[in-house]
Peer 1: 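Take this structure first; my questions come after.
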Amino acid sequence: MTPRTGPETLRRAASPARLLTLAVLLALLPALFLSVLAVPGARAAESAPTVSLSKKEAGKGGEITVSGKGWRGEALLMLLICGQATPERGVIGGTNSCANGAGRAVTTDEKGAFSKRLPVAEPPEPCPCVVHVATVTGEQASADAAFTVAGHPTAELPRRTGGGKLAVLAATRLEGDSSLLTWFGAPPARRLVFTVGNLGPAPVEDPVFEIGTAHGVYAPQWEERQWRGTVAPGARARIALPVELSAGAHGDYQISLRYGKKVLAEQPWGVGRPWGVTLFWVLLCLVVPAAVFRIGMAVVDRIRPRTGGAHRTAGARPGPAVSKGLPRRTTPVARTARSAAAADATTAVLPWFTPDSAPSENRPRPTTKGQA
């Protein structure tokens, strides 16, 4: 008898293979699941910016090489040596704790890497110190590397005040007026006044705020402003921070206040046009051509030739006639002098008579009838 082949026979022959395949898949599922979870973490680790130093310690006047990877491509970075900071806590006092005069700027390559020499300088705050690298424009990113400035004082870091939390309790306002110099293009300046309250359980000492100025569609430019004082838990404080724009600024501006990574308030500011500058240029365009015209006319009057008439000086000989065939013009004074000269010439030609020999005396008298 030949065995029969049918669906049941095929199912029985294929069942061991299916079981083996299922077992293999079940064994590989955890590994695949772990690999999927590990990929985002690996990508995040690769994208995190890093900083490395050629030396961990150097004295003032020396030089170190700062290198980095994982930054945004073709990004502008700022390199500073900062005191009172650690890689774990960052720069506590902001850039006010850094040697800003010895800072350097560098641009990353397409892959986000860079290498730059940085002179060693003493920061205004004591060590522990770090080399602080941060982006200047675009998305904010920063990284710190521990560094020791040889011979620089060392002090303990201030205690943490992470329990403090500041919040703006009242509307912000800009105080101050523009001066006459602002009308002629001087930088407009105001004070941003606001009231903050500490909603946390710990006090906040010497908080560092950031003031951002935005004009039109441009992103705000942030500047750090530190307020000296302590805000106790549950207390409030009135804070005034200076705000200054560039020279000749005018138009609509947006002033932002940021503490940490949170924007606390925004305040619009309309700056008038400096009409004094416009008036100055208008007067300059009118006065300069007029002065040039007057100088040119004076030069022409000095160098042009002198002719007869009112320009003839006393005792000078009369110049030639302007045009031939025209009678020469004479003044009444000249005609009077000529008539007197002609009269003198006529008198000189006439004979001279004495009173005795005058014709009226020698003429015979007429006779009358009856007289001899």
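Position 1 is the first residue of the sequence, and the numbers go up from there.
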Peer 1: For the pair Arg190 (side chain) and Gly176 (backbone), establish whether a donor and an acceptor sit closer than 3.5 Å, ignoring hydrogens and angles.
Peer 2: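 Indeed, once roles are kept as given, a pair shorter than 3.5 Å links the two residues.
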
Peer 1: Can you confirm whether Gln221 is buried at CD, in the sense that more than 12 heavy atoms of other residues, nucleotides or ligands lie under 6.0 Å from that atom?
Peer 2: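 Not more than 12 within 6.0 Å, no.
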
Peer 1: On a heavy-atom basis, which atom in Pro274 and which in Gly185 lie closest, and how many Å separate them?
Peer 2: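 Closest heavy-atom pair between Pro274 and Gly185: CB-N, 3.8 Å.
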
Peer 1: How long is the straight-line distance from CZ of Phe209 back to CH2 of Trp227, given to the nearest 0.5 Å?
Peer 2: 7.5 Å

Peer 1: Would you check if the side chain of Thr135 reaches a backbone N or O of Ala141 as a donor-acceptor pair within less than 3.5 Å?
Peer 2: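 Yes: the side chain of Thr135 pairs with the backbone of Ala141.
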
Peer 1: How far apart are the C-alpha atoms of Val231 and Leu166, what are their side-chain angles, what is the distance that settles it, and do they pass the side chain to side chain contact (heavy atoms under 4.5 Å, CB included) test?
Peer 2: CA-CA 9 Å; Val231 184; Leu166 296 181; 4.2 Å; yes

Peer 1: Does some side-chain heavy atom of Asn96 sit less than 4.5 Å from a side-chain heavy atom of Pro124?
Peer 2: no

Peer 1: Using 0.5 Å steps for rounding, measure from the NZ atom of Lys69 to the NZ atom of Lys111.
Peer 2: 10.0 Å

Peer 1: Using the rule given for side chain to side chain contact (heavy atoms under 4.5 Å, CB included), can you reason through Phe184 versus Leu180, listing the C-alpha separation, both sets of side-chain angles and the distance that settles it, and then say yes or no?
Peer 2: CA-CA 7 Å; Phe184 286 93; Leu180 182 61; 4.1 Å; yes

Peer 1: Let me confirm one number: the CG-OG distance from Leu77 to Ser142, rounded to the nearest 0.5 Å.
Peer 2: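 If I round to the nearest 0.5 Å, the distance is 10.5 Å.
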
Peer 1: Output, in order, the C-alpha distance, side-chain angles, deciding distance and verdict of salt bridge (charged side-chain N to carboxylate O under 4.0 Å, His left out) for Arg173 and Glu175.
Peer 2: CA-CA 6 Å; Arg173 63 184 183 275; Glu175 293 184 353; 3.0 Å; yes

Peer 1: Looking at Glu110, I'd like to know if its CD atom is crowded, meaning that more than 12 non-hydrogen atoms belonging to other residues, nucleotides or ligands lie closer than 6.0 Å.
Peer 2: no

Peer 1: Any side-chain to backbone donor/acceptor pair from Asp252 onto Gly270? Under 3.5 Å, distance only.
Peer 2: no

Peer 1: With a 4.5 Å heavy-atom cut-off, do Leu192 and Phe194 have their side chains touching?
Peer 2: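 Yes, close enough: below the 4.5 Å cut-off.
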
Peer 1: Check whether Val243 and Tyr259 end up in the same hydrophobic cluster, where Ile, Leu, Val, Met, Phe, Trp and Tyr are linked by side-chain heavy atoms less than 4.5 Å apart.
Peer 2: yes

Peer 1: Could you check whether any side-chain N or O of Ser54 sits under 3.5 Å from a backbone N or O of Thr65, counting only pairs where one atom can act as donor and the other as acceptor?
Peer 2: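 Judged by distance alone, yes, a pair lies under 3.5 Å.
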
Peer 1: Report yes or no: does Asp206 contribute a side-chain atom to a donor-acceptor pair with the main-chain N or O of Gly229 at less than 3.5 Å?
Peer 2: yes

Peer 1: Among Glu224, His132, Glu223, which residue satisfies the side chain to side chain donor-acceptor pair (under 3.5 Å) criterion with Thr95?
Peer 2: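 For Thr95, the side chain to side chain donor-acceptor pair (under 3.5 Å) check succeeds only for Glu224.
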
Peer 1: Determine whether Val299 and Arg302 satisfy the following criterion, side chain to side chain contact (heavy atoms under 4.5 Å, CB included), listing intermediate values before the conclusion.
Peer 2: CA-CA 5 Å; Val299 172; Arg302 295 273 298 182; 5.7 Å; no

Peer 1: Can you hop from Val196 to Leu257 via hydrophobic side chains spaced under 4.5 Å?
Peer 2: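 As far as the 4.5 Å side-chain criterion goes, Leu257 and Val196 are connected within one cluster.
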
Peer 1: Does a sphere of radius 6.0 Å around NZ in Lys262 hold more than 12 heavy atoms from other residues, nucleotides or ligands, not counting ones at 6.0 Å or beyond?
Peer 2: no

Peer 1: Hydrophobic cluster membership, with links at side-chain heavy-atom distances under 4.5 Å among I/L/V/M/F/W/Y: are Ile211 and Leu264 in one?
Peer 2: yes

Peer 1: What orientation do Trp269 and Tyr253 show, parallel under 30°, tilted 30 to 60°, or perpendicular over 60°?
Peer 2: tilted

Peer 1: Side chains of Leu174 and Arg191, heavy atoms from C-beta outward: is any pair under 4.5 Å?
Peer 2: no

Peer 1: Would you say Arg225's side chain and Pro242's backbone share a donor-acceptor pair under 3.5 angstrom?
Peer 2: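 Yes.
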
Peer 1: Look at the side-chain heavy atoms of Ile, Leu, Val, Met, Phe, Trp and Tyr, link any pair under 4.5 Å apart, and say whether Val288 and Trp281 land in one connected group.
Peer 2: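 Hydrophobic grouping puts Val288 with Trp281.
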
Peer 1: Under 4.5 Å between side-chain heavy atoms, hopping through other hydrophobics if needed: is there a path connecting Val168 to Trp222?
Peer 2: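 Different clusters: Val168 never reaches Trp222 through Ile, Leu, Val, Met, Phe, Trp or Tyr contacts under 4.5 Å.
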
Peer 1: Considering non-hydrogen atoms only, spot the tightest contact between Thr108 and Glu74 and give its length.
Peer 2: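 Closest approach of Thr108 to Glu74, heavy atoms only: OG1-N, 2.9 Å.
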
Peer 1: Which heavy atom of Ile81 sits nearest to which heavy atom of Val120, and what is that distance?
Peer 2: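 It is CD1-CA, 3.8 Å.
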
Peer 1: Would you please test Val106 and Leu79 for side chain to side chain contact (heavy atoms under 4.5 Å, CB included) and show each step?
Peer 2: CA-CA 8 Å; Val106 64; Leu79 284 65; 3.4 Å; yes

Peer 1: Quick one: does His215's side chain have a donor or acceptor within less than 3.5 Å of a partner on Thr213's backbone?
Peer 2: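 Checking the backbone N and O of Thr213 against the side chain of His215, no donor-acceptor pair under 3.5 Å is found.
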
Peer 1: Atom CG in Leu157, atom CD in Glu125: separation rounded to 0.5 Å?
Peer 2: 10.5 Å

Peer 1: Specify the closest pair of heavy atoms between His250 and Gly272, including all atoms of both residues, with the distance to one decimal.
Peer 2: CB-O, 3.5 Å

Peer 1: Give me the atom names and distance for the closest heavy-atom approach of Leu245 to Val271.
Peer 2: CD1-CG2, 3.7 Å

Peer 1: Would you indicate whether the side-chain heavy atoms of Cys127 and Gln84 approach each other to under 4.5 Å?
Peer 2: no

Peer 1: Tell me, yes or no, whether the heavy-atom count around Asp109 atom CG, taken from other residues, nucleotides or ligands under 6.0 Å, exceeds 12.
Peer 2: yes

Peer 1: Hey, are the side chains of Cys98 and Pro123 touching, using non-hydrogen atoms and a 4.5 Å cut-off?
Peer 2: no

Peer 1: Determine whether more than 12 heavy atoms belonging to other residues, nucleotides or ligands lie under 6.0 Å from atom CZ of Arg72.
Peer 2: yes

Peer 1: Is there a donor-acceptor contact under 3.5 Å from the side chain of Thr195 to the main chain of Leu169?
Peer 2: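 It does not hold such a pair.
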
Peer 1: Can you tell me how far apart NZ (Lys261) and CD (Glu210) are? Round to the nearest 0.5 Å.
Peer 2: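 Interatomic distance, Lys261 NZ to Glu210 CD, rounded to 0.5 Å: 11.0 Å.
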
Peer 1: Do Cys129 and Cys82 have their SG atoms under 2.5 angstrom apart?
Peer 2: no

Peer 1: Judged by atom type as modelled, is there a donor-acceptor pair below 3.5 Å linking the side chain of Asn198 to the main-chain atoms of Lys165?
Peer 2: yes

Peer 1: With a 4.5 Å cut-off on side-chain heavy atoms, are Phe114 and Val66 touching?
Peer 2: yes

Peer 1: Using 0.5 Å steps for rounding, measure from the CG atom of Leu118 to the CD1 atom of Ile64.
Peer 2: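 Interatomic distance, Leu118 CG to Ile64 CD1, rounded to 0.5 Å: 5.0 Å.
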
Peer 1: Of all heavy-atom pairs between Val208 and Ile92, which one has the smallest distance, and what is that distance?
Peer 2: CG2-O, 4.4 Å

Peer 1: With a 4.5 Å cut-off on side-chain heavy atoms, are Ser67 and Val51 touching?
Peer 2: no

Peer 1: Is there a donor-acceptor pair closer than 3.5 Å between any side-chain N or O of Trp71 and the backbone N or O of Thr50?
Peer 2: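 Answer holds: yes.
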
